[in-house]
Structure formats: structure tokens, C-alpha cells
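Scroll down for the structure; my scribbles are underneath it.
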Amino acid sequence: MARDSYIQQIIGAEKYEQIKYAKVLLVGAGGIGCELLKDLILMGFGEIHIVDLDTIDLSNLNRQFLFRKKDIKKSKAFTAIKAVNKFKYDHTKLVPYMASIMDSDTFNLAWFDQFHLIFNALDNKDARSFINRICLFLKKPFIESGTTGFFGQVVPIFPYESECYDCTIKETPKSFPVCTIRSTPSQPVHCIHWAKNFLFAQLFGEINVSANNDVKTLGSDNKEEINTLINEQNELINLRNSIFDSNSSLEFALNIIKKIFIDDINKLLKIDDLWKTRKRPIPLDISLVKLLENDRKRVLLKQSNIDEILSNFQKLWSLNENLIVLIYSLINLRKRILNSNNPRSFIIDFDKDDEDTLNFAASSANIRSIIFDIPVKSKFDIKQIAGNIIPAIATTNAMMAGFSALQSLNNFNVLQHYLESKIVFTSIESKSMTNPSQLFPGSKTCASCTVLRELLKIKDIDNEKLTLRVLLKKILNNINYKKHFKDSTNEDDQDNNKPEISIVIGKNRLIYDIEFDDNLDRSLKSLGFKENQILTIKDDDDIKTEIELYILEDKTLSNDIYIPKIDNVPEKPKKKKPKVEPDTNPNEPITFDDEDDDENKKQDEDILEDTDDFITILDDGDEPDSSQLNNTMLQEDISAMNEKRKIEDHELDHQTKKIKIDLSLDD
Amino acid sequence: MSSLCINRLQEERKQWRKDHPFGFFAKPNKNSDGSLDLQNWTAGIPGKPNTIWANAVYPLTISFPDDYPSRPPKVKFPGGFYHPNIYPSGTICLSILNEAQDWRPAITLKQIALGVQELLDSPNPDSPAQEPAWRAFGKDRPTYEKKVKEQALKYAK
């Protein structure tokens, strides 16, 4: 039996032919990418282009099975296509690229347009959003996939027809406020962040010398105060200098421990206000430091003792063990600096795979945790947190890659309609491994897929005569914003060239708005117009939707500038309460507002009634003048009534939910 | 950077243009090519009249991250600014600018500017960000006021 007989049976020989001629793009050759590349090749896809800017790292090898130890430091994309050669039975054409997919000089819109379908196997939000935007421009379907540990999902996206990647707001990785890190940590991660990004950076990282200048400009007569201030700022510089000034490595290490874990904590404790609502930290016991100081015979700091502690990186170290590891790492780090060619300017970067720096971060974070009564973590856990390691599991990757490959069949008319494609999630229930979900229509308020997208073709971008004014005129002629513009500029009718729109080019460069017309007579070239950039036009009155124009140069044009005629720029969904600060989640469909309000009112009324009853009963109980209370029957009645109401409320709740779900489907 | 971020920054610029509190200014920085950098702004916060901060406009830099408005902008005074809740680097310790505390994507530039103005004359002694101003504010009010007034002269209108 031929290897492809099953797939032929499933989708039919004719549709299978399409796959043999299909050209697809796979973005990412990592955890999911390796699996997916294998799947797509075995399915017999005709041509696969694979893009990854990364090189192979030792830590990839446990799951990115196309790579071997000898491949470390080589390009992922190139190594992957070499590895799959052995089972490339259908002579799939493979084209690797080692580049960032967001590099529009390498990958322009036309390049993306050559593919029938795009597979995302990425590891970051930026690149995913980028592909989403490109696919919206091209109205090209793509399949998004991702995993975190045991969780994963595959989402087929059909631009403007189903939910796009930006329709749902993604959680951003947490960042921490300085105050929490420096003075009031409450979680292990705060201490780890402090150890790695603050303490380590101050001691061994890049030197910041500008600190002194500000003090002098403050101008104070109080000498003592100036001194405290300078001292404060110089203390850390002094610590760094102590790398060179100390008589011995042990002295250096113990000085740092005393300063950071005793003196600095005592200073913090003086700020009473900080500890009104928080538990006070307890500085390190000086006797522990003394103990280590007097450890001349190196009983505690014996290499065998240190090795034993370090050998167990899953164990929670005791305070003493943490101190020993910290001293050991400080001694090693100091040696590395002193032994370098230029010790005064030598810096060490934190690296989770550099044992000394990791030992330093783990032990100092733990000691700080103990001081602030926060649970300690094992070195293994701290490595994950400090190195921002997201756990990756080969099985989850393989499952999601498989579903991604399966869903791709729907783009070849396997289903009645491609919108019957399914989103696939790993399940959190034990009964099933995965759960499917239907596709949802895009959010009406999504900032990405409610935008109108077109091409802006320019014959010669270098043409100095092409000014912003010329472009603006062309935009106004071809895109029917006009009626609306006249309304908004009626006071200034003779100057129709100054519409109330704002124009941004590229990432963040504003080149025009009604109060910023300085650039009108400058050439597009001088304003930094380039191929493959995006121009964003926004209606200042917020009535019409935004327009994004993708800039292309086209020497064959008969005119200087080409913008397609757009007669109906759609209007934005109307905001319910204009001119009021939007307090609600801007993502929520506006149509919900009415319904929600009504439902809430209904519920509020019910609750009010309930409350009344409740108060009555209490009053009855508290006030002896109420004869009703003695009547147990009545009491029972009341509680029965309340019970009933509760059930009704519950039902109402249920109904409300139903209505909401129905509504969301209508959307 | 997403469409959401660009749209929102254009919106903030427009809103500020149409309506901003008296005596304040806020504008995107000018790039060398003549365009305006919507992610990096310069602003001026006037001290409230009849306070020790009065008669001065304090310069502020505002930088919006790529994932704004999911994340708050970074708002800074010049380094060494004298105020109990301003770090030596100039970074402002204010709950509405803090992702872990009160930042919400709906908070506007105007609200931020007014919030910073409010903070000037109503420092929060519970979250010290620098020692000199915090100590003087709590223990030596005449010195504190003298310093603030000196600083006001430096940034006088």
C-alpha cells in the first residue's frame, strides 16, 4: 500500500492533487515547527518555505528532534531541511531562510502572497501580530498555534471572516514596579528579579557614572545632607570598587553580605510607614556572618561541602547553604574580573547557563526571601524564572503540530465550507485530551480587523515632486471620506486640503494632522517613505474606520500615485456614550450594553427586594415590638419565599447567560 | 507594535489637542526627518497655584511601550528631581502608572497629567522613592519647602 493511500482515501485523489501543488509557508522551526515540518512533508505538500532567525541551542535538543548535538549554533531553518531529507519521499521542495519574518526588506508583501497558506509556529506575540496583519492585507488564511507546558491551541484564522489574532487581548508578561523590587518584595519572583536585574547588574554589570552630577545641581547649604546624598549614591559604586580594594575574596564577599542583608535592611526598617501594613523584614543575623568570617580553616567553605550543596539543585537550600553558595559565587565572579585583561572596565552579564551568575542570583534571591519571610525556591526553579524559561513539552508540541496539519486540509475544500474549521484546545478535563471549538466572527471593535486595508502604489518614491500635499489630495479624491470632511471643515471651506485626519507612517511617525501641517510641501522621500511600510490614516472625528495603506513602488504605473477608489469607507460602530471616558473594556461588543443594563436593572431590583425582606426579618428579630416574629409559621413562609426567590434568581442568571451567549453568536 | 497602539496614540494626540487642562502642554518629540515620534512625548506640568510648587512648569518625558495601552507609559521628571515619590532617576512612583496597581488601558494622557500635578503638592509618605525629599518632608518641613521653592525657581515659567 502506498504511503499516501490513507490521505487519498480521506480527502479524495483530486483534492490530494491540490496539496501536491500547494506552496505553504512555515514560520518558525522550533518546538512546533520541527514537528509540523515533518507532518507537512509526510502529507505530501508540494513546496514548503521555512523561516527561523534562531540558531540551535543545547536546551532545544530534548524536543526539537530534527536537531542533534553537532548542530548546536547552526541555523534552525537550514538544519531542519537537511534533517528531513531522509524521509522526503514526495520530493517536496524546501526553501529555508535564516531571517526575522518581520524583516520587510527580505520578505515583502508579494513574497507572502505566493503562498496558499501560512502556518505559524512562533514563540512571541510580536511576530504573531505581524503575520496576522500581513494576512489581513492579503486576505490569506493562516493557522496559528502555540503551547505552554501541557496547554496548547491551534486556531485557523480566515481574515475578516473569523476572529483574527488581535481580536482577543492577550495577557502581557508581568513587569514589576520599582518600589516592590527595591523595598517591599512579597513574592519569590520579586527577589529573583532584584538579585538578577538590580544587585547583579550593580556589582558586575555596566557601570553608571552619571549619578554624581545631579547632586551638585540641587544646591543645598546643608553639608551633612549633601554628604548623605552623595554617600547614598556612592555606596553601590563603592561596593563595586571593593572588588579591587578588598584584601581577600572572602572579605569582599562578607562585606557585600553585611551591606546588602544587614545595613540596607536596617535602613529600610527605619521607614516606619512602609511596615504599617506589611510584615517587617528581619536583617541577617550578624553571628552567621561572624561564623563564616572565622571559618579560617574553611570547614564550611570546603570545596567538597560546596560541591555537595550545589549537586542538589532541586533542593530548597537552608539559610546557611544559601550563604555558602553566595560566598562561593562572589569569590568566583571576583576572580573572573581580576583575571580579565582590563579588570576596571570588565563586566559580566547575567546568563542562566553561566553557573556563577546563576548561583549568585539563586542564593542572594533566597536570602532576601528569608529576610522578607517569603518562601525560598530551588536553584532549578530560580533558573526557570530568572531565565524566563517557559516549560516546553514535546508531546504537547507534537499534538498541536498534528492538529495544525489536519486543520490545513480544510483549506483544500475538504469541508462543505472552510469556516467549519475548528479551533483545537488541549483539554483540562481528564476525560478528553483535546476540545474542539467552532470559529467565531471577528470582534467588531478589534483594532486590527476592523481596519480597511489597501495598497498605495507609488511610481517613483525618489521623485522629489511627490509631496505630502500631492498624496493627501490623491487620498481625498479616491477615498470617499469627503462628505464627512466638508462637514468638519466648514469654517475653513477654501482650504479643503486640510482634512481632519491624522497620518502615521511606519511604527510611530506622525507626519500630518490638522495642527501639524509643517510637512505638507516636503517630498515623500524626505519624510522617509519606503517600500513595504504601512501608512495609517485615522479620522479625527472617529466616524469612519481607520485605513492602512501598504506602500509599494511600481515603475509600470501610468500615474505617479495609485490608490484604489473606495466609495464606502465603513463607519465605526457607534459608541454609546460619546465624550465620556471609556470605562468599560473597549473590546466588549457595544451591542451588549443595552441588554446588560436592562438585565442588571432587573437583577438589581430583585436584589433590592430581597434586601428588604432580609431587613424585615432582622428588624423583627431585634425589635421585641414585632408580634409577627412569634409566629413560626410566618417565619417559615418567609424563608420558603426567600428560597423560592433564590431559585428564581438562579434561573434568571441562567437566562441572562443564555441571552449573552446568543448575542455573541449573532455578532 | 500593533494597530491598537498606533490608533490609540493618534487618539491621545487628538484628544489632547482638542481638550487639555490650562497651563499644561504635551507633544510628541520631533524626529530628525521632521515627523513626530508618537511613542515619545515631552510634557509640562504646571504646579498648582497657591502651593509651594506654583509659578513653575515641570518638564516630563512620557514614553509609550509597544504594548501600550495594555501597559502604562513610562513617565519621568529630570533625574534628581526633588520630591518624596520621585526616584533619583526621575521615575515617578504613582499608582495609576503602575501596571501591578491602578493602571487601566482606559486611562488617558489628560488623566495622567492631572494625576502627576496632584502628586506634586500631595506627596504620599507611605511610598518613598528618594531619601532626601522624603526625610525632609517628614521631619524637616521648612527645609523641604525651601528646597521645593528653589526647584520651582529653576523651572519658573
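Please read these numbers as outputs of a predicted model, since none were measured by experiment. So you know, we letter chains A, B, ... as the sequences are listed, proteins then strands, and number each from 1.
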One thing to verify: whether [Y] and [X] come together as a salt bridge, which I'm taking to mean a side-chain N less than 4.0 angstrom from a carboxylate O.
{"X": "A:Lys125", "Y": "B:Asp66", "answer": "no"}
{"X": "A:Lys525", "Y": "B:Asp33", "answer": "no"}
{"X": "A:Asp513", "Y": "B:Arg13", "answer": "yes"}

**Request:** Against chain B, label A:Ser526 side chain, backbone, both or neither, depending on which of its atoms sit under 4.5 Å from a heavy atom there.
**Result:** backbone
**Message:** At a 4.5 Å cut-off on heavy atoms, which part of A:Phe130 comes close to chain B: side chain, backbone, both, or neither?
**Reply:** neither
Side chain, backbone, both or neither: which part of [X] has an atom under 4.5 Å from a heavy atom of chain A?
{"X": "B:Asp37", "result": "both"}
{"X": "B:Pro125", "result": "both"}
{"X": "B:Lys30", "result": "side chain"}

Measure the [atom1]-[atom2] distance between [X] and [Y] for me, rounded to the nearest 0.5 Å.
{"X": "A:Glu546", "Y": "B:Gln10", "atom1": "CD", "atom2": "CD", "value": "7.0 Å"}
{"X": "A:Thr545", "Y": "B:Asn7", "atom1": "OG1", "atom2": "CG", "value": "10.0 Å"}
{"X": "B:Ile6", "Y": "A:Ile534", "atom1": "CD1", "atom2": "CD1", "value": "7.5 Å"}
{"X": "B:Leu36", "Y": "A:Arg509", "atom1": "CG", "atom2": "CZ", "value": "11.0 Å"}
{"X": "A:Glu515", "Y": "B:Lys27", "atom1": "CD", "atom2": "NZ", "value": "12.5 Å"}

Around [X], counting heavy atoms of other residues, nucleotides and ligands shown, do more than 12 lie under 6.0 Å from its [atom1]?
{"X": "B:Asn55", "atom1": "CG", "value": "no"}
{"X": "A:Lys270", "atom1": "NZ", "value": "no"}
{"X": "A:Asn124", "atom1": "CG", "value": "yes"}

**Asked** Testing A:Leu510, A:Ile511, A:Ile503, A:Asp518 for side chain to side chain contact (heavy atoms under 4.5 Å, CB included) with B:Ser35, which one passes?
**Response**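 It is A:Ile511; the other options fail the test.
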**Audit row: B:Lys14, A:Ile514, side-chain contact (heavy atoms from CB on, under 4.5 Å) steps and yes/no** = CA-CA 9 Å; B:Lys14 186 194 85 191; A:Ile514 187 82; over 6 Å; no
**Message:** Walk me through whether A:Asp540 and B:Arg17 qualify under salt bridge (charged side-chain N to carboxylate O under 4.0 Å, His left out).
**Reply:** CA-CA 11 Å; A:Asp540 274 359; B:Arg17 240 173 42 212; 2.8 Å; yes
